[in-house]
Amino acid sequence: MNWTSLMQFLQQIWAVLSDFANSAFASASLSALAGAGLGVWGAQRVAERGARGKELLESLRQANAVIVLATTIANHAFALKRQHISPLSQRYFKDRDIALAYHASILNGGSPKPISFQAEMTKITPVTIPLDALKNLVYSAQLMPGRALALVAIVEQSVCELTNAIEMRTEQIDTFRSAALPEHIFFQDYYGLQRRDGDTNSMYHDSMVSITQYTDDLGFFSTELADEMQTHAGLVRDKLLKFRKDVPKVSTVDFSPARESGLIPPRENYESWLSGFKKQDQ
């Protein structure tokens, strides 16, 4: 086939293809294919938006539930501190400062004199809070901020340490009641002071230090968790409003009265922990 014949053959093929492309059948076929493609894409887009909306709605509900649980735990810590821990610890540590002066005379070989002090033997009720419910909810929730996960972990640690400290104090109270110690030995063991022989039983004193500290920790970190989740819930709700209008409100709580009354310790006491986490940006 020479060049002239080849060009004529190609022109004939082009004419046939052009006629087919311009035919009603070809137009209908191409339109059907395009419509099918757009229909699949549109359906997929609707499904994705629906799934995203459901995810955000569930995340908002979970965040609101965490706010309620964290606030419940915080209020329990506040009540424990206000009704029991603060009066007990303030009196104990104030009396201990006075006891240190008397104790110096004992260590220096002075004859023990009658000791006038009041040992507080009232036991503290063990802590009961919805910790398992909080953990199950947070660890299984969607879109949970990393800071919230860390806060739940340290709330759990604070509860465990506080429980252990309360149990240790209870055991020491039982020991004091059954040991029938000489008055000056009881005095030294109660305040965690060194005996004349060099031994020191500081378990009761250590339990008081721990109970005071971990009650503060529990109140502080549970309020931090509630505040964190309020911020998180607000961000989730703003995103959800782009998908639907009937959106639940964010559960809110104001801890200002507790902070002003001293039930929540200052943030600077926990600066080393807080500095490890930046504010979430979702």
Side-chain angles (χ1 to χ4, degrees), residues 69-100 103 117-132 134-135 150-179 181 185-195 199-226 255 257-274:
L69 290 174
T71 302
T72 300
I73 294 172
N75 287 334
H76 182 90
F78 300 156
L80 180 64
K81 181 176 180 177
R82 180 176 57 250
Q83 298 172 12
H84 301 289
I85 305 305
S86 282
L88 178 64
S89 62
Q90 288 173 7
R91 183 167 57 251
Y92 174 80
F93 292 113
K94 180 180 178 181
D95 289 348
R96 187 175 187 272
D97 288 340
I98 298 173
L100 286 171
H103 179 247
F117 77 102
Q118 175 137 15
E120 179 57 72
M121 298 284 104
T122 302
K123 296 181 179 179
I124 301 172
T125 303
V127 178
T128 303
I129 60 173
L131 181 60
D132 288 339
L134 178 67
K135 289 167 53 182
L151 283 165
V152 171
I154 200 165
V155 164
E156 179 180 18
Q157 178 183 335
S158 299
V159 172
C160 291
E161 296 289 357
L162 177 57
T163 299
N164 291 337
I166 291 174
E167 290 176 353
M168 183 168 71
R169 179 178 178 273
T170 298
E171 291 173 0
Q172 286 303 297
I173 289 174
D174 291 340
T175 298
F176 287 150
R177 286 174 172 170
S178 62
L181 297 171
I185 298 296
F186 177 33
F187 166 83
Q188 291 168 326
D189 288 359
Y190 181 75
Y191 289 116
L193 304 175
Q194 186 180 21
R195 298 177 183 176
D199 290 339
T200 302
N201 179 359
S202 63
M203 293 186 68
Y204 185 87
H205 170 262
D206 292 347
S207 72
M208 288 298 301
V209 172
S210 297
I211 288 171
T212 304
Q213 179 61 60
Y214 290 121
T215 301
D216 275 348
D217 290 353
L218 181 59
F220 179 83
F221 287 116
S222 54
T223 57
E224 281 292 305
L225 177 59
F255 292 112
R259 287 192 174 91
E260 292 169 0
S261 65
L263 290 174
I264 302 176
R267 290 180 65 82
E268 51 265 28
N269 292 4
Y270 299 90
E271 196 58 43
S272 60
W273 190 94
L274 295 172

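Just so you know, residue 1 is the first one in the sequence shown, and it goes up from there.
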* To do: Give, for atom CD1 of I166 and atom CE of M168, the distance between the pair rounded to the nearest 0.5 Å.
  => 11.0 Å

* Kindly state each residue pair satisfying side-chain hydrogen bond (donor to acceptor under 3.5 Å, both in side chains) with at least one member in residues 151-167, sequence neighbours excluded. => K135-E156

* Asked: Taking only residues two or more places apart in sequence, or in another chain, which ones meet T175 in a side chain to side chain donor-acceptor pair (under 3.5 Å)?
  -> none

* Asked: salt bridge (charged side-chain N to carboxylate O under 4.0 Å, His left out): which pairs involve residues 200-210, sequence neighbours left out?
  -> none

* To do: With sequence neighbours left out, write down each residue that passes side chain to side chain donor-acceptor pair (under 3.5 Å) with R82, or none if nothing qualifies.
  => none

* To do: Evaluate the side-chain proximity of F220 to L274: yes if any heavy-atom separation is below 4.5 Å, no if none is.
  => yes

* Asked: Of all residues at least two apart in sequence or in a different chain, which pass the side chain to side chain donor-acceptor pair (under 3.5 Å) check with S261?
  -> none

* Any chance you could measure T215, atom OG1, to I85, atom CD1, to the nearest 0.5 Å? => 4.5 Å

* CA sep, side-chain torsions, deciding dist, call: K123, D174, side chain to side chain contact (heavy atoms under 4.5 Å, CB included) -> CA-CA 10 Å; K123 296 181 179 179; D174 291 340; 2.8 Å; yes

* Structure fact -> side-chain contact (heavy atoms from CB on, under 4.5 Å) filter on M121, not counting sequence neighbours, yields A119, I173, F176, R177, F186, Y190

* Could you check V159 against F221 for side chain to side chain contact (heavy atoms under 4.5 Å, CB included), going step by step and ending with a plain yes or no? => CA-CA 11 Å; V159 172; F221 287 116; over 6 Å; no

* Sequence-distant partners of H84, side-chain contact (heavy atoms from CB on, under 4.5 Å), two or more places apart -> L80

* Asked: What distance do Q118 atom CD and R91 atom CZ have between them, rounded to the nearest 0.5 Å?
  -> 7.5 Å

* Structure fact -> Heavy atoms of Y92 and G192 approach each other most closely as OH-N, 4.4 Å

* **Minimum heavy-atom distance between V127 and H76, given as atom pair plus value** => CG1-NE2, 3.8 Å

* To do: Spell out, as yes or no, whether a donor-acceptor pair under 3.5 Å connects the side chain of R96 to the backbone of Y191.
  => yes

* Within-4.5 Å side-chain heavy-atom neighbours: I124 and L88 -> yes

* **From CD1 (I129) to CG (L134), nearest 0.5 Å** => 8.0 Å

* Structure fact -> D216 meets the side-chain contact (heavy atoms from CB on, under 4.5 Å) criterion, sequence neighbours left out, with K81, P265, Y270

* Structure fact -> Of all heavy-atom pairs linking L100 and L193, the shortest is CD2-CD2, 3.4 Å

* Shortest non-hydrogen contact from S222 to V155? -> N-CG2, 3.9 Å

* Kindly determine whether F78 and T223 satisfy side chain to side chain contact (heavy atoms under 4.5 Å, CB included), including the steps that lead there. => CA-CA 10 Å; F78 300 156; T223 57; 3.4 Å; yes

* Asked: Do V152 and L225 have side chains that get closer than 4.5 Å, going by heavy atoms?
  -> yes

* Asked: Can you name the residues that form a side-chain contact (heavy atoms from CB on, under 4.5 Å) with A226, not counting sequence neighbours?
  -> A70, T71, V253, F255

* Structure fact -> Rounded to the nearest 0.5 angstrom, the CG-CG distance for D189 and D199 is 9.5 Å

* Of all heavy-atom pairs between S207 and A165, which one has the smallest distance, and what is that distance? -> CB-O, 3.7 Å

* Can you list the residues that meet the side chain to side chain donor-acceptor pair (under 3.5 Å) rule with Y204, with sequence neighbours excluded? -> R169

* **Atom pair CD (Q188) and CZ (R195), whose distance is rounded to the nearest 0.5 Å** => 7.0 Å

* Asked: Looking at residues at least two apart in the chain, or sitting in another chain, which of them share a salt bridge (Lys or Arg N to Asp or Glu O under 4.0 Å) with D95?
  -> none

